[in-house]
Each structure stands twice: as structure tokens, then as C-alpha cells.
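Numbered from 1 within each chain, the chains take letters A, B, ... in sequence-line order.
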Amino acid sequence: MRWSQLFIPTLRDAPADAEAASHKLLVRGGFIRQLHAGHYSLLPLGLRVHDKVENIVRQGMDDIGAQEFLLPAMHPASIWQRSGRWDSVGPEMFRFQDRKEADLALGMTHEEVFSEIAREVTSYKSLPQIWYQIQWKFRDEPRPKSGLLRVREFAMKDSYSFDLDDAGLDHAFEIHRQAYIRVFERLSLNALAVQASSGMMGGAGSVEFMVPSPAGEDDIACCGACGYAANVERATSTLAPMDDGGGGKSGELERFATPGVRTIAALEAVEGGAVAHRQIKTMVMVLDGSMTLALLRGDHRLNLQKLADSTGALEIRAAEPAETFERLGAHPGSLGAVGVTDLPVLADHALNGRRNLTTGANEDDWHYRGVDVDRDICVQQWLDLREVSAGEPCPVCGHPLEVVRCIETGHIFKLGRRYAEAMGATVLDADGVNRAITMGSYGIGIGRAVAAVAEVHHDDRGLCWPMSVAPYEVVITVPSMRDEPAVALAEQLYSELREQGCEVLLDDRDARAGVKFADSELIGIPWRITAGRAAADGEVELTERASGETALVDTSAVVAQVVTAVESARRQD
RNA sequence: CGGGACGUGGCGCAGCCUGGUAGCGCACCUGCUUUGGGAGCAGGGGGUCGCCGGUUCAAAUCCGGCCGUCCCGACCA
């Protein structure tokens, strides 16, 4: 294409409120424009990248024998009511009514609709099946942010596997896992497959694909020695045993005055206090409307997703200080579970068997010491509630864990039979017995993957697209449109490269050289041919965007060289 | 939803405190010069100052309400 005829509105300045590199550069490069919060228009350049990502994902699915569908984006409430999710997913689903006042929703995922179709699969002989689509999802995110990274309307590849038994599901899950690894490799994304929480999808297990980036919103814990990796919502670590003193015997429970002490740190510092790991942290949480105490070691942090997963609670919030005071008689900073029997008490495993600890006494300015957890606290359930921290030993091999900020670009779930049972998707097995199909569901966010590539592949001049997703493979820059031999040469190279199947952009704008160079670097085309002052001598410059390396190449050889570079990048795909 | 910030041509901003003709840079149009790293000069076009209401002779500016956007926290591909 000729740049002079394209709509590529590049900007010298990024929008003031953009923070993430991908957000700034995709806007500056003329790839996207915001319509409103969480909704972006894809401009021609942006759509080309988006299409390329889509096609790589599509090939990944086709390679494992998946079949492409296209389902409605708008759903009747009835199918969501049948699965039970009309009530359970909450305000994240866009809901509205049609003129007949029938309830409708915009699809945020498609387990229900695919299960509905799967009711027509009636024999085990038709299994397994893998079905997918690439289609728009709508989620009323509480907080859209960072350009394409977190939006309310986005293209997602979602696939669904249907199997007779768990072994079949395990296989479908595994081939998806491998397909995803391959897809992210082709996108030049270093995605780590990590154990994850299943969240609203439910089910037996899930793996997330995480691209390390400071623009991400998730933390994963990973081990450099054995490869253990898990979202901090799931990750565990091995803790050293604690010596609680007293020769293994419990001391007396003793109440003592702690005027003004409101934090773990303050209690560490005060006379007669205790180091953080000898304290009990008491978190007052409201789980689906009912107040609950969550207990952790003083130096540990509560992970809310762990609390949600282990209790099945849908809505979790911290209690307001006023509510806390009303129920427990003290404000945060003086709370404890000693003697509490009228509220559920959940405790983290790290407190199991501990003695001689210090905790709040449920009266402002008073604490207890000598607390023996087994003796003094009525623990209803022992759970894994704490979030791991960097440096703690890997639960598998003991090597210190790293915590890495990541972008979640894919997530795969073993759903089991829940949806098939709810939707009535059953088959007859070899014995003529009706059995619910077992399902998996698998997602990749296309726009988020585009943003993730931009996050990982850019420099201070702009984007550096990998060949596999670049909007064009080569740009031919003519520094001066008055240089007739150069223009003629550029035109010739342009048509030759197109004949060779390259996606070429010819910068034929009547603009200054500096503008053209800066724009070509901003939009990140992998190779640039500069047809300029050396044209008269039969030479052009060939510049690789990512490395910045430039070579003078004979005019007669440049097409072959570029074609080779493009094809070799395509092959590595 | 809780906390913070902001809303002025396409983008980036000033003006607001102390009310009185809406301004700057980039971008855009015309002309001349320039021509391999975001050119110079001259001329020009474009703004309901987020919306509604109030105070006032007079509101971008002061007051109230609403809407929107962004950032930090609780959610997800």
C-alpha cells in the first residue's frame, strides 16, 4: 500500500492519561482510538495486527482439530438461568431488555451456548469434539485500563472441548496447553504456563498463560530451579518451622495494655510485644454478607482469591471499622479471635499448632500474649489463605521463589460435567447409559495479546513488531520525493516485493525525511528500505527495526534479501 | 464500589486563585524558501471552555448538582 493513501494518524504526543507503553504507542502510531472507557476502535493498522494475531490463534486451533463456529453475541437470559450463572456472575454481565421486556445479556463467555448446541451430540461415538470461535465478548469491567490491556468489549478466541470421560478431558486440556505454548511462541510472547485459580468458571483445574511485564495486573510465583510456577492466587511455599519458645509448652494466656498500638509493626516495637511472625493477624471479612474472621501469621498477607476459592464465597469485602466495632467491640488494630465463638473463624495453615503468640484482645489498646491457637481459639476451618512472598522456598524443591508481574494472555479450564449437567448435554455410552459430557474451556484475548506484544516489543522510538504480527513486513522510505531516480527505484522495488508476496508499505508522502523515518520507527515495521541518495549508485539502505542495524545493499540484491528475511521469519513461526 | 486527580480546537497544555474581547506548541490549509532524522518565514481555518442550574451588569473563571475520563485499591482474556 501507498502511505499517502492510507489513514495512519500518528501523533507526536501520547494522550496525557496513558500510562502503559502499549497504550501510548498504539495510540501514537495510529493503531487504535478510544471511543469511551474500555471501548476502542481499531484503525486500519490496528486491525491488520489484530487480524494477524487472530489468524495465528486460528491456525493453532485448527492444528489440534478444532472446528470454528460463530455464535451470537446476544443471549436470552434463559440459557444463563439454566446454568445458574444469571444469578451468580453479578454486574459484570451487561444485561438489558428488548421491546417485549424479555431479559437479554451480551455474551461474556459461551459455555452455555456451546453446551446448548452440544445437546445434539447424542452418542459417545461422536466424541471427542473441540469447538471454537473468535468473537466479541462483553464484560462490564469495574475498571477498564491501560488501552487494549483491559477493556469491556474485546475479541476472544474461546474453545470448548467435549469428552466422555476425565481421561478425554485431560487429553483435550493437554493439547490445548501445547497449542497455546506454540501460539504464544509465534506471537513472540514469552508466556509462562502457571497454575491458576478457576474463578467464576469453576471446575477442577486451570492454567494461565502469563507474559512477564510491568504493565500486567497479576503476580505469579515461580521457581528458577525446578520450573514450579503459579499465580499468587494459588501459589504456596514451604515455611520454616517456628520455635515458639517455652520448651514446647504453652504459657498462660495474659491480657496486657498496649495504648495506641494499632499495627503489627507497632506491636513489634512496643515493650512486651512480639515479632511479626509471633503475632496473629486478624482480618475481619464479609463473605456474601456474613462476617467472618480470617487469621494469618502477623507477617503474612491475605490473598482474597484464596479466601474466595476455599470458601466458595462470591462476594468478599473487608468489614467496615464501624461494623467491626459493633460485633467485636474493638477497632482494627486491637482485634483477635480469642474466645470468639459467634463468628466463623478461618485460619491459615501457618498458624496450626502455634503457641505463645500475641494478638488483639477485642478491646482498643489491649492485646493478649501467650495465645495457644489450639487451646484459645475456636478455629472452624484450616485453609491456605496467605499470599506467598518473593524469597520463600519453592514448595517443590526449596529454591527461593521469585514473584513476577505478568499480563494474563490466556487461560484454560477443566470444567468437568457441571455445564453439561445443567444444560442437559448427555450422550449414550457403549453400555447404553446416559452420561453427561465432560467439558473444558479455553480462552485467548486477541486484543490483549496485541497489547502484550506491544508491551514486550518496543523501544524509545516506538513499536518493534515481530514479523508474524507486523502490519506490514517492509516499508520503503523515499527521503525526498523530488529525487526522481530514487522515486523510480522505490516504485520498482515496491512492485517487485509485492510480486514476491511481501506486504509492503511505500512511504510516498511528500514529507521531510525526518518525519518519514520517525513514523516508520513509531509504527514498527520490521524492515525498512531507504531509497535515497545512494539510489543513483545502484544502492539502497536496508535497516532492521529491532536492532537498528543498517547495511548498504545493491539494488539488484535487496528484493531477494528482504524476501529471504521475511520468509525465514515466517518459517520460524 | 472506596480513595485521588482531571475535563479548554485533532494531540499536548496555559488561562481559573483575583469574573470583563479564549491563548500557546504540535497537527491542518495557502504561498515562498528549504530538502537524509519530527524545517523556516508569512498568511489562514478550526473551540457550545463536559452538561445543567445558580450568583452577577458580566462566568472558562465563583457556587451547587450531574456526566465523563484517568490513576491507586477489590475483579478477569
Side-chain angles (χ1 to χ4, degrees), chain A residues 9-20 23-24 27-28 30 33-39 57 89-92 108-109 134-159 180 191 196-201 206 208-211 216-218 231 233 285-286 302-305 307-308 314-318 320 407-413 441-452 461-462 477-483 486 510-522 530-535 541 543 550:
Chain A
T10 58
L11 300 172
R12 195 177 289 209
D13 300 310
D17 45 27
E19 295 274 324
H23 185 192
K24 291 180 188 171
V27 172
R28 281 190 58 211
R33 286 295 183 264
Q34 185 182 48
L35 180 61
H36 67 140
H39 300 264
V57 173
V89 296
E92 203 179 329
M108 49 193 297
T109 175
I134 297 175
Q135 193 248 27
W136 296 92
K137 301 290 187 257
F138 298 86
R139 296 185 185 178
D140 192 355
E141 290 287 340
R143 188 151 98 79
K145 58 176 288 200
S146 306
L148 251 29
L149 277 173
R150 180 170 211 78
V151 292
R152 303 203 300 176
E153 176 181 356
F154 59 99
M156 179 163 98
K157 184 289 296 176
D158 48 322
S159 49
Y180 274 38
S197 157
S198 298
M200 75 162 183
M201 293 296 182
S206 79
E208 286 171 328
F209 291 81
M210 302 299 244
V211 176
E217 302 180 80
D218 284 87
N231 193 303
E233 295 169 354
M285 308 302 294
V286 180
L302 174 66
N303 184 287
L304 283 180
Q305 191 64 44
L307 181 61
L314 293 175
E315 209 180 294
I316 294 187
R317 64 177 174 88
E320 301 291 334
I407 299 167
E408 180 191 356
T409 52
H411 200 161
I412 60 180
F413 301 87
S441 98
Y442 315 86
I444 293 178
I446 305 295
R448 185 179 283 180
V450 170
R461 295 181 170 198
T477 300
V478 188
S480 171
M481 292 304 286
R482 289 159 177 252
D483 182 346
D510 184 19
R512 297 178 67 83
V515 172
K516 293 187 169 193
F517 291 140
D519 274 348
S520 77
E521 284 156 357
L522 175 60
T530 305
R533 53 195 167 205
E541 288 154 40
T543 306
T550 294

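A:Asp483 comes within contact range of no nucleotide atom at all, as no heavy-atom separation falls under 4.0 Å. The residue A:Arg143 sits close to a base: some heavy atom pair falls under 4.0 Å. Among the protein residues, A:Gly532 comes within range of the nucleic acid bases, having at least one heavy atom under 4.0 Å from a base atom. If you check every strand for non-hydrogen atoms under 4.0 Å, A:Lys137 touches nothing. Contact annotation for A:Glu233: no contact, since no heavy-atom pair falls under 4.0 Å across all strands. At the heavy-atom level, A:Val151 lies under 4.0 Å from base atoms of the strands shown. When heavy atoms are screened at a 4.0 angstrom cut-off, A:Glu141 is found touching base atoms of the nucleic acid. At the heavy-atom level, A:Ser520 lies nowhere under 4.0 Å from the strands shown. Using a 4.0 Å heavy-atom cutoff across all strands shown, A:Pro15 reaches sugar-phosphate atoms only and no base atom. No engagement by A:Ala449 is indicated, since no non-hydrogen atom pair under 4.0 Å with the nucleic acid exists. Residue contacts for A:Ala518: at a heavy-atom cut-off of 4.0 Å it reaches a base atom on one of the strands shown. Counting non-hydrogen atoms under 4.0 angstrom, A:Arg152 reaches nothing in the nucleic acid. At a threshold of 4.0 angstrom between heavy atoms, the contacts of A:Asp218 include nucleobase atoms, whether or not backbone atoms are also involved. Using a 4.0 Å heavy-atom distance criterion, A:Glu521 is classed as a base contact.
Here the side chain of A:Arg512 is nearest to one of B:A39, B:G36, B:C72, namely B:A39.
The aromatic ring of A:Phe517 does not sit over the base of B:G38, since the test of centres under 5.5 Å and planes under 30° is not met.
Taking atom CG on A:Asp17 and atom P on B:C11, their separation rounds to 10 Å, with Å as the unit. In this structure, the CD atom of A:Glu320 is 13 Å from the C1' atom of B:A74, given to the nearest Å. Taking atom CG on A:Asp13 and atom P on B:C26, their separation rounds to 11 Å, with Å as the unit.
Here A:Lys145 reaches the OP1 or OP2 of B:C72: one of its side-chain N or O atoms lies under 4.0 Å away.
Each of A:Arg28 and A:His36 lies near RNA chain B, and the nucleotide nearest A:Arg28 is the one positioned closer to the 5' end. Each of A:Gly38 and A:Arg482 was matched to the nucleotide of RNA chain B holding its nearest heavy atom; the match closer to the 5' end belongs to A:Arg482.
Here B:A5 sits opposite B:U69 as a Watson-Crick or G-U wobble pair (both hydrogen-bonding atom distances under 3.5 Å).
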